[in-house]
Amino acid sequence: MKTLIATGAILSIAALSPVLAAPEAAPIFNWTGFYIGGHLGGGWSDDSAKAALTGAGAFDPAVIGNNASGIVGGGQIGYNWQFTSNWLLGIEGDSSGTNIHAFGTAPFASGGIPYPPELHHEATRDINWLASIRGRLGYSSNHWLVYVTGGGAWGSISYRTNITLVVPLTPQSFDTTSSGWVIGGGVEYAVTSNWTARVEYLHYDFGDTTVANVPAAAPNAALITTFNNKIDVVRAGVNYRF
């Protein structure tokens, strides 16, 4: 009789005790959707311009130091499609204003012998804006995303070349919108369900641009300057995901 009473008491206590539910797993972040955002960073270009003066004597070609750096800032819009638990494909368009400016000089020389410094080449290049349309391939781990990106690129570039003989002669200015390609990669983190932050690197290549400057004082001569347009950009950005 006592055993039955004790067993009943144990069953009563067990019935009154709360049932502890297993904790729910945190939902996995999904990157699929449209987004829009902005970015800010810096850009640089470490290539040089090559100059040659034709029709005016046996002058040596010159390499004009044209290293440049500046600020890059703008916006982007895109779409991600997470097609497996970890992999995604995306497309993004962006546009950036820049103040990447370069100015360089190089002395004239003939047979390796330099002329006085008053006689020299001048070359200026300004990157006004950059834009691209790129694909993205990314690998996500919940709130983290690592990606590579690449596609077509466009840039507005201004050039100015001149030769100086004690006083400047006729400078030549040339503005163009160049097309090329861009490739890069980055890391992005989902801060909230809507906001993400990223850091990325992009390398632009617009090929060579040649500018011909015919001095008014020597119409039979021509200053031919070739710019090799490669630009590197590192930028941080934020996106709002819809």
Side-chain angles (χ1 to χ4, degrees), residues 37-52 61-80 88-106 121-139 145-161 172-188 198-213 223-237 239:
H39 58 261
L40 181 66
W44 69 95
S45 177
D46 60 2
D47 48 56
S48 299
K50 297 178 181 179
V63 177
I64 304 174
N66 222 16
N67 298 342
S69 61
I71 298 172
V72 176
Q76 66 274 350
I77 186 170
Y79 180 81
N80 291 322
L88 67 81
L89 290 173
I91 185 169
E92 179 173 297
D94 73 306
S95 180
S96 309
T98 90
N99 66 349
I100 301 174
H101 171 80
F103 172 75
T105 64
H121 304 269
E122 294 180 353
T124 303
R125 184 186 61 188
D126 291 288
I127 311 296
N128 304 310
W129 55 260
L130 298 167
S132 70
I133 297 178
R134 295 171 283 107
R136 296 209 305 169
L137 172 65
Y139 181 85
L145 173 67
V146 179
Y147 62 90
V148 293
T149 183
W154 298 265
S156 171
I157 307 176
S158 299
Y159 307 92
R160 183 180 183 275
T161 65
Q172 174 68 45
S173 297
F174 178 65
D175 299 324
T176 184
T177 299
S178 298
S179 61
W181 53 267
V182 58
I183 192 170
V187 178
E188 193 164 355
R198 67 162 67 161
V199 177
E200 65 184 357
Y201 161 79
L202 297 171
H203 173 77
Y204 298 82
D205 191 331
F206 296 108
D208 295 346
T209 298
T210 299
V211 178
N213 182 356
L223 174 63
I224 308 298
T225 308
T226 301
F227 297 84
N228 186 358
N229 299 308
K230 293 181 174 65
I231 303 155
D232 297 284
V233 170
V234 173
R235 63 192 192 185
N239 289 319

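Basis for what follows: all heavy atoms, side chains included, without hydrogens, waters or symmetry-related copies.
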How about [X] and [Y]: do any of their side-chain heavy atoms sit closer than 4.5 Å?
{"X": "E122", "Y": "F103", "answer": "yes"}
{"X": "H203", "Y": "W181", "answer": "yes"}
{"X": "T226", "Y": "T210", "answer": "yes"}
{"X": "N80", "Y": "E188", "answer": "no"}

The test is side chain to side chain contact (heavy atoms under 4.5 Å, CB included); show your working for F174 and T161 and say whether it passes. CA-CA 9 Å; F174 178 65; T161 65; over 6 Å; no
Residues R136, L145; criterion side chain to side chain contact (heavy atoms under 4.5 Å, CB included); working and verdict: CA-CA 11 Å; R136 296 209 305 169; L145 173 67; 4.1 Å; yes
Backbone N/O of W129 and side chain of T98: donor-acceptor pair under 3.5 Å: no
Around atom CD1 of I71, are there more than 12 heavy atoms of other residues, nucleotides or ligands at under 6.0 Å?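 Counting other residues, nucleotides and ligands, CD1 of I71 stays at 12 neighbours or fewer.
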Does I133 have more than 12 heavy atoms from other residues, nucleotides or ligands lying within 6.0 Å of its CD1?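 For I133, atom CD1 is not crowded (no more than 12 foreign heavy atoms under 6.0 Å).
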Aromatic F227 / basic R125 pairing, under 6.0 angstrom, 45° off normal: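 Judged by the rule, R125 and F227 form no cation-pi pair.
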Quiz question: by atom type and distance under 3.5 Å, do the side chains of N128 and S156 form a donor-acceptor pair?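 A pair is found: one side chain offers a donor N or O, the other an acceptor, under 3.5 Å apart.
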Polar contact flag, side-chain donor to acceptor under 3.5 angstrom, N229-T209: yes
For the atom pair CG (D205) and CG (D232), what is the distance rounded to the nearest 0.5 Å?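 D205 atom CG to D232 atom CG measures 10.0 Å (nearest 0.5 Å).
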